Amino acid sequence: MVNPEQRSQGRKTVAEAKALTPRAADFSAWYNELVARAELADYSPVRGCMVIRPNGYAIWEQMQRALDQMFKDTGHQNAYFPLFIPQSFLAREAEHVEGFSPETAVVTHAGGKELEEPLVIRPTSETIIYSMYAKWIQSYRDLPVLINQWANVVRWELRTRLFLRTTEFLWQEGHTAHATEAEAEEETVRMLRVYRTFMEEWMAMPVLTGRKTDSERFAGALRTYSCEALMQDNRALQAGTSHNLGQNFARAFEVTFQTAAGGLDHVWNTSWGVSTRLVGALIMTHGDDAGLICPPRLAQYQVVIVPIYRNDDERGTVLDAAQRVRGELSGAGVRVHLDARDGMKPGAKYYEWEGRGAPLRLEIGPRDVAGGTVMLARRTGGKKESLPLAGLASRIHEIMEVMQRDLLETARARREAASIRGATREQFVAHLEAGGGFVYAGFCGSAACEAEIKEQTKATIRVLPDQEFRSPSVPATCMWCGKPTVAEAVWARAY
RNA sequence: CGGGGUGUGGCGCAGUCCGGUAGCGCGCCUGCUUUGGGAGCAGGAGGUCCCGGGUUCGAAUCCCGGCGCCCCGACCA
């Protein structure tokens, strides 16, 4: 017996059978299918954990490379602190322990015995790092301390999504110590700017920067700043944070130093981090219904060469030519891959590399070999074009630069189209109902008002925007309660 | 933890109502023919039907009890 569903399934075209769920139909299904299709990550046997597969890890490695250089350029060194933290350390800073206790994993047994003091698996490393800084810092001459670490952290999350929120994730956490509050603030803002630069110039992802309200502040920080991006489903994603920790941890861990004047003072700390969540941000910023679109600067392979041939003769000459092109591009600093798999039709390779987000594809067949040309296809669309072999590498570099810029501008235009400014309460609610996006409006500064808005609309204040993102004019009253505005705020429903 | 859904080859699903020993699409393997946008034909591999009990001559299917996962709510990079 064949029921109607089965028959219609049997009639599906190949394209239908293999297509991702379109973003417009179900954004979250699209995201999950894309991650699987592009082989970026897979679910692990442990709930909430993920395996980052080579294609996904390659993107993270590119991110790491770029960020690491930026950290070094701003005077930071890398170090490594241990995974295990004595449980009592977390408890030393009141707000911090309250913030993280519910989501820590704790080791109580090891070596076949119960431990005298349980060990927390780091959810973040402030406590272990500042306990060490207490040993290393004696004098103002030892300051500033500018250290970063690349590490894994564990937070026992209830609801997880690959890359966006997993129980264990990879990140970097910078931890600095300074002699004055002003210096710490300067560092906090400097690193926020580094993140913004990275997100715009490498990820081609536009972000708003600004300060978090107290309710969204990092547990234990004086002030938290963040970079906020808007995904294609018009939900906001916190992409990076930078905290001015003040002297909170310095007091808890007695990180003191002798001042030039001979006095004793606590240091001023900062911490800042971005995580593998950025891979999720990249997917949801640029991906389309065909799959991932990776900006050239972060792509594992910027150019993929697909050879086309009909018989062994052609195969020989075409592969020969393809290898020469690969050599030339590679020599010119282009990350290039020749897909020489036999027995797979060119079209199938096109779809596969499009799904994986490769920015550029070169097709080389007998006609191209004869004419001394290659056929170029861009992942971002448009007609294929025939390019002469002469000067190919520099042409490819130009095209990648244009593509990198266009991706950023397209994303920025999309974000702006989904943003409204100077909103009233009615416009705020209507905008969220209509699909969402960023809403700029007047805010009275009251935590109670903020909480009520969150409860009733699910929208949170993403940031109190930095100067350059503020609106030319801001309503004089809070869009929700009508009391006088103390700051402009940007709301959105968020991941 | 509350509400809803779901568990069947690697992936997506049908079969469950009405019990008879498992099927479809994609993927995978071998061979031949193919290759400028997801190849065709032929042959083949692969399943504790989530787990444990029960009912029955017989259970993917019915009953009881667990567990996992997904979605929606309270927390979060």
Side-chain angles (χ1 to χ4, degrees), chain A residues 1-21 26 28-29 32-33 36-37 39 42-43 45-48 98-104 123-124 153-161 163-173 195 212 215-216 218-219 224 226-229 236-243 271-281 290 306-312 314-315 318 341-355 361-369 374-375 377 384 386 454-455 458 460 494-495:
Chain A
M1 286 298 267
V2 179
N3 67 26
E5 278 88 352
Q6 266 180 319
R7 257 186 275 121
S8 79
Q9 196 175 38
R11 247 191 274 119
K12 263 189 195 170
T13 65
V14 179
E16 282 167 346
K18 296 190 178 182
L20 298 173
T21 299
D26 184 343
S28 140
N32 292 145
E33 288 170 23
R37 178 74 58 84
E39 297 180 350
D42 205 347
Y43 297 93
V46 177
R47 197 196 87 87
E98 198 184 323
F100 283 104
S101 284
E103 50 184 85
T104 52
T124 177
V153 287
V154 167
R155 298 180 186 179
W156 217 255
E157 299 290 349
L158 299 174
R159 299 189 54 189
T160 59
R161 294 284 306 283
F163 290 113
L164 298 175
R165 176 171 297 105
T166 48
T167 294
E168 179 188 8
F169 57 94
L170 306 184
W171 77 346
Q172 58 68 215
E173 46 182 324
Y195 286 153
K212 287 290 195 183
S215 61
E216 300 274 332
F218 173 74
T224 289
S226 84
C227 296
E228 297 282 330
L237 185 82
Q238 180 171 303
T241 50
S242 186
H243 316 287
S271 71
W272 28 274
V274 296
S275 72
T276 38
R277 173 179 249 201
L278 289 180
V279 177
V306 177
I308 295 157
Y309 46 80
R310 282 185 301 260
N311 51 50
D312 280 353
E314 287 183 356
R315 182 167 181 274
V318 164
R341 285 175 295 179
D342 203 9
M344 190 171 177
K345 305 232 335 181
K349 293 180 182 178
Y350 301 166
Y351 281 103
E352 182 172 307
W353 289 108
E354 282 164 8
R361 181 177 73 239
L362 291 180
E363 305 167 10
I364 303 181
R367 291 204 294 271
D368 303 292
V369 176
V374 293
M375 194 61 82
K384 291 185 196 180
S386 184
K454 181 177 177 181
E455 195 198 322
K458 311 294 175 216
T460 51
Y495 274 94

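Because the structure is predicted, anything quoted here is derived from the model rather than measured.
- Comparing B:G36 with B:G46, their C1' atoms sit 36 Å apart, to the nearest whole Å.
- Comparing the same atom, C1', in B:U34 and in B:A42 gives a spacing of 15 Å after rounding to whole Å.
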- A:E228/A:K212 under salt bridge (charged side-chain N to carboxylate O under 4.0 Å, His left out): CA gap, chis, key distance, verdict: CA-CA 11 Å; A:E228 297 282 330; A:K212 287 290 195 183; 2.8 Å; yes
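- Rounded to the nearest Å, the gap between the C1' atom of B:U33 and that of B:C50 is 44 Å.
- Within a 6.0 Å radius of CD in A:E98, other residues, nucleotides and ligands contribute 12 heavy atoms or fewer.
- Shown here, B:C57 forms a base pair with B:G20; the pair counts as Watson-Crick or G-U wobble because both key distances fall under 3.5 Å.
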Distances under 3.5 Å between protein N/O atoms and the N/O atoms of nucleotides 71-77 of chain B, please, pair by pair.
unit_1 : atom_1 : unit_2 : atom_2 : d
B:C72  : OP2    : A:R159 : NH2    : 2.1
B:C76  : O2'    : A:E157 : OE2    : 3.3
B:C76  : O2     : A:R165 : NE     : 2.3
B:C76  : O2     : A:R165 : NH1    : 3.4
B:C76  : O2     : A:R165 : NH2    : 2.1
B:C76  : N3     : A:R165 : NH2    : 3.1
B:A77  : O3'    : A:Q238 : NE2    : 2.1
B:A77  : O2'    : A:Q238 : O      : 3.2
B:A77  : O2'    : A:R277 : NE     : 3.3
B:A77  : O2'    : A:R277 : NH1    : 2.5
B:A77  : N6     : A:T166 : N      : 3.2
B:A77  : N6     : A:T166 : O      : 2.6
B:A77  : N3     : A:S275 : OG     : 3.2

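- Atom CD of A:E33 and atom C1' of B:C26 are 13 Å apart (whole Å).
- In this structure, A:R277 contributes its side chain and A:L237 its backbone to no donor-acceptor pair below 3.5 Å.
- Of the nucleotides present, B:G25 is the one that pairs with B:C11 by Watson-Crick or G-U wobble criteria, both distances under 3.5 Å.
- Separating the P atom of B:U8 from that of B:G52 is a span of 16 Å, rounded to the nearest Å.
- Nucleotide B:U6 forms a pair with B:G68, judged by Watson-Crick or G-U wobble geometry with both contacts under 3.5 Å.
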Can you name the atoms? Protein N/O to nucleotides 36-39 of chain B N/O, anything below 3.5 Å, with the distance.
unit_1 : atom_1 : unit_2 : atom_2 : d
B:G36  : OP1    : A:K345 : NZ     : 3.1
B:G36  : O6     : A:P366 : N      : 3.1
B:G36  : O6     : A:R367 : N      : 2.6
B:G36  : N1     : A:D368 : OD2    : 2.5
B:G36  : N2     : A:D368 : OD2    : 2.9
B:G37  : N7     : A:K384 : NZ     : 2.7
B:G37  : O6     : A:R361 : NH2    : 2.7
B:G37  : N1     : A:E354 : OE2    : 2.8
B:G37  : N2     : A:E354 : OE1    : 2.7
B:G37  : N2     : A:E354 : OE2    : 3.4

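- Qualifying salt bridge (charged side-chain N to carboxylate O under 4.0 Å, His left out) partners for A:D342, counting only residues two or more places apart in sequence or in other chains: A:R315.
- In terms of the side chain to side chain contact (heavy atoms under 4.5 Å, CB included) criterion, residue partners of A:S101 (sequence neighbours excluded) are, by chain and number, A:V97.
- Protein atom CG of A:D342 is 13 Å distant from nucleotide atom P of B:C29, rounded to whole Å.
- When both pairing distances are held under 3.5 Å, B:A42 makes a Watson-Crick or G-U pair with B:U30.
- For the P atom pair drawn from B:U35 and B:C70, the interatomic distance equals 45 Å after rounding to whole Å.
- Under the ring-ring contact (aromatic ring centres under 6.0 Å, His included) criterion, A:F218 pairs with A:H96, A:F100, A:H243, sequence neighbours left out.
- Separating the P atom of B:A60 from that of B:G54 is a span of 15 Å, rounded to the nearest Å.
- Applying the ring-ring contact (aromatic ring centres under 6.0 Å, His included) rule to A:W171 yields the partners A:F169; only residues at least two apart in sequence or on another chain are considered.
- For B:C1, the paired nucleotide is B:G73, the pair qualifying as Watson-Crick or G-U wobble because both relevant distances are below 3.5 Å.
- Residues satisfying the side chain to side chain donor-acceptor pair (under 3.5 Å) test with A:Y350, not counting sequence neighbours, are A:E363.
- Between the P atoms of B:G20 and B:G4, the separation comes to 30 Å (whole Å).
- The ring-ring contact (aromatic ring centres under 6.0 Å, His included) search around A:Y351 returns none, not counting sequence neighbours.
- For the C1' atoms, the distance linking B:A77 with B:C26 amounts to 36 Å, nearest Å.
- One can place CD of A:E39 at 12 Å from C1' of B:C11, the figure rounded to the nearest angstrom.
- Under the salt bridge (charged side-chain N to carboxylate O under 4.0 Å, His left out) criterion, A:E168 pairs with no residue at all, not counting sequence neighbours.
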